[in-house]
Asks: 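This is the structure I have questions about; it appears just below.
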Number of protein chains: 2
Amino acid sequence: MGTTQLEPVQEPKYWHLKTVLSEALDSDFAVGEILPNERELAARFGVARATLRQALEQLELEGRLQRRRGVGTTVAPPRVGVAVSTAQRDWNGEVADQAWQPVDCVTGEVPTAVRSLLGFREEPGTGPVYVIRRTRVSNGQPVAAELLYVPASSVPDLSAIDAPAGPARARSVLRELHRVNLKGQDRSVELGSARADDAKELDRLPGAPVLVVTTRYLGVAGTAAVSVATYRADTCRLTFGDSGAVEIRHERQEQRRAS
Amino acid sequence: MGTTQLEPVQEPKYWHLKTVLSEALDSDFAVGEILPNERELAARFGVARATLRQALEQLELEGRLQRRRGVGTTVAPPRVGVAVSTAQRDWNGEVADQAWQPVDCVTGEVPTAVRSLLGFREEPGTGPVYVIRRTRVSNGQPVAAELLYVPASSVPDLSAIDAPAGPARARSVLRELHRVNLKGQDRSVELGSARADDAKELDRLPGAPVLVVTTRYLGVAGTAAVSVATYRADTCRLTFGDSGAVEIRHERQEQRRAS
DNA sequence: AAGTGGTCTAGACCACTAG
DNA sequence: TAGTGGTCTAGACCACTTT
């Protein structure tokens with residue numbers, strides 16, 4: 001129809017920029033390499049810094065980049081596969097490199113959402129609940145922070161209430177919970193943003209994107225415990241193996257170039 | 001109450017703003033209600049529009065808000081629980097309201113990442129691969145778009161190559177794939193951003209946050225098929241039930257106020 | 001045509017890290 | 001102290017939906 005339309009559909013600059021940068025990462029950069037700083041990149045592409053940052057944010061969300069204040073922007077390694085086991089053996093065993101580390105154990109308040117998962121009815125008395133904090137490390141990097149809520153009624157044969165709050169008490173509660181046979185578990189995964197305390201544990205800024213894994217552990221008499229684990233969404237790929245771990249080889253090439 | 005004084009804290013403005021808005025959503029707004037527009041909200045809180053938008057983006061990421069260009073910002077309903085079944089019956093059955101809908105089926109190219117999951121070795125000939133597009137709907141809203149890669153060698157008894165590309169062919173490939181007994185499946189979940197085609201299917205803008213579920217279906221002779229499904233991260237909560245669906249009652253209150 | 005959210009700019013200052 | 005990414009501003013225009 002006569003004249004040739006150059007760009008019939010206007011692609012946003014930051015989107016196009018993201019594509020260009022993504023291809024550059026594939027071809028010209030190696031994992032761990034430091035990118036030019038944002039001001040220079042913005043100037044190089046002829047856009048405002050805010051626009052450039054919009055593209056970098058996307059790439060960081062996809063796990064391609066890692067940005068650290070005061071340091072710079074580096075090319076991120078492929079995401080770590082983190083097993084979210086379906087079996088029950090995750091209470092103790094598990095791959096040594098990715099085990100949960102008990103951090104603390106107090107008897108504290110329970111969020112409303114968790115209360116209903118535990119089967120608690122209304123406001124009035126519901127008995128004490130152990131709140132265990134655990135962290136998970138992979139390749140030396142923290143990948144997840146967890147709050148595990150265990151009603152004292154789920155571990156009746158435990159006399160650790162008087163033990164000092166801390167990792168030791170956390171371990172004894174976990175051991176006792178492990179004794180009561182668990183019938184199964186329900187699990188859900190959703191996107192969230194890191195609360196201040198989790199962010200600190202994960203070495204990220206508050207609001208960083210996380211994958212929230214909520215697990216309900218079922219005992220003989222209903223829900224025995226509820227776990228809310230937040231995984232770093234930028235560095236983690238959660239794996240649910242019915243028969244081994246999924247291994248994804250990304251299509252990225254790691255080439256030369258040092259500049 | 002017109003303007004809310006932001007405390008002189010070290011906390012970033014947008015973060016504090018997000019908290020304030022979140023509490024306001026809990027107490028003063030009902031699901032589906034329309035918020036004041038961004039320019040007015042920004043003025044009301046005494047911040048720049050960009051700062052206000054940073055807070056809104058966070059809340060949208062957490063599934064609390066829904067923003068539509070040309071329309072406005074509304075209070076989002078609680079996330080839909082979408083079952084990512086562990087069993088094999090998801091090929092056909094499944095909850096009627098959340099079933100997959102075949103859209104198309106062509107024989108096309110396979111991304112590098114999927115190639116390695118399928119066990120393909122190097123560049124040269126690997127035989128044709130069916131690429132099936134499916135979508136998933138829940139409560140009338142599209143929640144997921146999937147690309148299912150089925151090597152023709154996985155469905156040898158199929159003579160549908162000559163059938164016209166389309167939903168009909170997709171169904172016959174799925175039926176045939178269902179016939180070969182599947183031994184199990186590996187699955188992984190990670191955060192991503194919607195590609196242009198997926199975004200269109202999901203009624204979102206390109207780059208919208210999605211949960212990417214990669215599934216490897218194992219047959220008697222290795223990987224029989226690979227599925228890459230992208231779920232809307234803002235509206236979906238993926239559930240993995242070992243014994244029924246997880247039901248989360250969010251701590252939000254739906255109160256009065258109509259304005 | 002009016003009103004909404006989405007994109008983009010060109011600055012400024014702050015918080016953090018490292019030499 | 002110099003350099004980085006993180007936050008924030010006050011505008012402008014664009015794409016889209018509804019009236």
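Just so we're on the same page: letters track the sequence lines, and every chain starts at 1. Basis for what follows: all heavy atoms, side chains included, without hydrogens, waters or symmetry-related copies.
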Asks: Just to verify, which of A:Leu148, A:Thr107, A:Asp104, A:Val106 counts as forming a side chain to side chain contact (heavy atoms under 4.5 Å, CB included) with A:Val131?
Replies: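 Per the side chain to side chain contact (heavy atoms under 4.5 Å, CB included) rule, the option paired with A:Val131 is A:Val106, out of A:Leu148, A:Thr107, A:Asp104, A:Val106.
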
Asks: Quick one: do the B:Gln101 and B:Thr135 side chains pair a donor with an acceptor below 3.5 Å?
Replies: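 There is no such pair between these side chains.
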
Asks: Mapping A:Thr73 and A:Ala50 to their closest nucleotides on DNA chain D, which lands nearer the 5' end?
Replies: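 Checking each residue's closest nucleotide, the 5'-ward one belongs to A:Thr73.
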
Asks: Is the B:Tyr149 to B:Tyr130 ring centre distance short of 6.0 Å?
Replies: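 Between B:Tyr149 and B:Tyr130, the centre distance exceeds or equals 6.0 Å.
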
Asks: Restricting to nitrogen or oxygen on both sides, can you table the protein-nucleotides 16-19 of chain D pairs closer than 3.5 Å?
Replies:
none

Asks: Could you tell me if A:Ser193 and B:Gln58 have a donor-acceptor pair between their side chains, going purely by distance under 3.5 Å?
Replies: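 Judged by distance alone, the side chains do pair up.
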
Asks: Using only heavy-atom distances, determine whether the side chains of B:Arg187 and B:Thr215 contain a donor-acceptor pair under 3.5 Å.
Replies: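 Yes.
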
Asks: For atom CZ of A:Arg49, decide whether the heavy atoms of other residues, nucleotides or ligands shown that lie under 6.0 angstrom number more than 12.
Replies: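 Check passes, neighbour count above 12.
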
Asks: Please work out if A:Arg68 contacts a base, only the sugar-phosphate, or nothing of the nucleic acid, heavy-atom cut-off 4.0 Å.
Replies: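 Contact class for A:Arg68: sugar-phosphate only.
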
Asks: Parallel, tilted or perpendicular: which one describes the rings of B:Phe240 and A:Phe240, with boundaries at 30° and 60°?
Replies: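 The rings of B:Phe240 and A:Phe240 lie parallel, inter-plane angle below 30°.
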
Asks: Would B:Arg53 and B:Tyr14 count as having a side-chain donor-acceptor pair, cut-off 3.5 Å?
Replies: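 Side chains of B:Arg53 and B:Tyr14: no pair found under 3.5 Å.
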
Asks: Anything below 3.5 Å on both distances counts as a pair; with that, list the stems of at least three consecutive Watson-Crick or G-U pairs involving DNA chain C.
Replies: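 As far as DNA chain C goes, consecutive pairing (with distances under 3.5 Å) yields the stems C:1-18 with D:1-18.
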
Asks: Of B:Gln54 and B:Arg39, whose nearest nucleotide on DNA chain D comes first from the 5' end?
Replies: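 Between the two, 5'-proximity favours B:Gln54.
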
Asks: I need the B:Arg79 CZ to B:Asp234 CG distance, nearest 0.5 Å.
Replies: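 Reported to 0.5 Å precision, the distance equals 7.5 Å.
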
Asks: Whole-Å distance between D:dA15 C1' and B:Asn37 CG?
Replies: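 That distance rounds to 17 Å.
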
Asks: Pick out which of B:Arg136, B:Arg133, B:Arg134 makes a salt bridge (Lys or Arg N to Asp or Glu O under 4.0 Å) with B:Glu146.
Replies: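 By the salt bridge (Lys or Arg N to Asp or Glu O under 4.0 Å) criterion, B:Glu146 pairs with just one of B:Arg136, B:Arg133, B:Arg134: B:Arg134.
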
Asks: Just the endpoints, please: which first and last nucleotides of DNA chain C, 5' to 3', lie under 4.0 Å from a heavy atom of chain B?
Replies: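 Contacts span C:dG3 to C:dA15, reading 5' to 3'.
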
Asks: Pick the nucleotide of DNA chain C nearest each of A:Leu52 and B:Gly72; which residue has the one closer to the 5' end?
Replies: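 Mapping each residue to its closest nucleotide by heavy atoms, the 5'-most match is B:Gly72.
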
Asks: Checking side chain to side chain contact (heavy atoms under 4.5 Å, CB included) against B:Tyr231, which of B:Leu202, B:Asp198, B:Val84 comes through?
Replies: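 The option that passes is B:Val84.
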
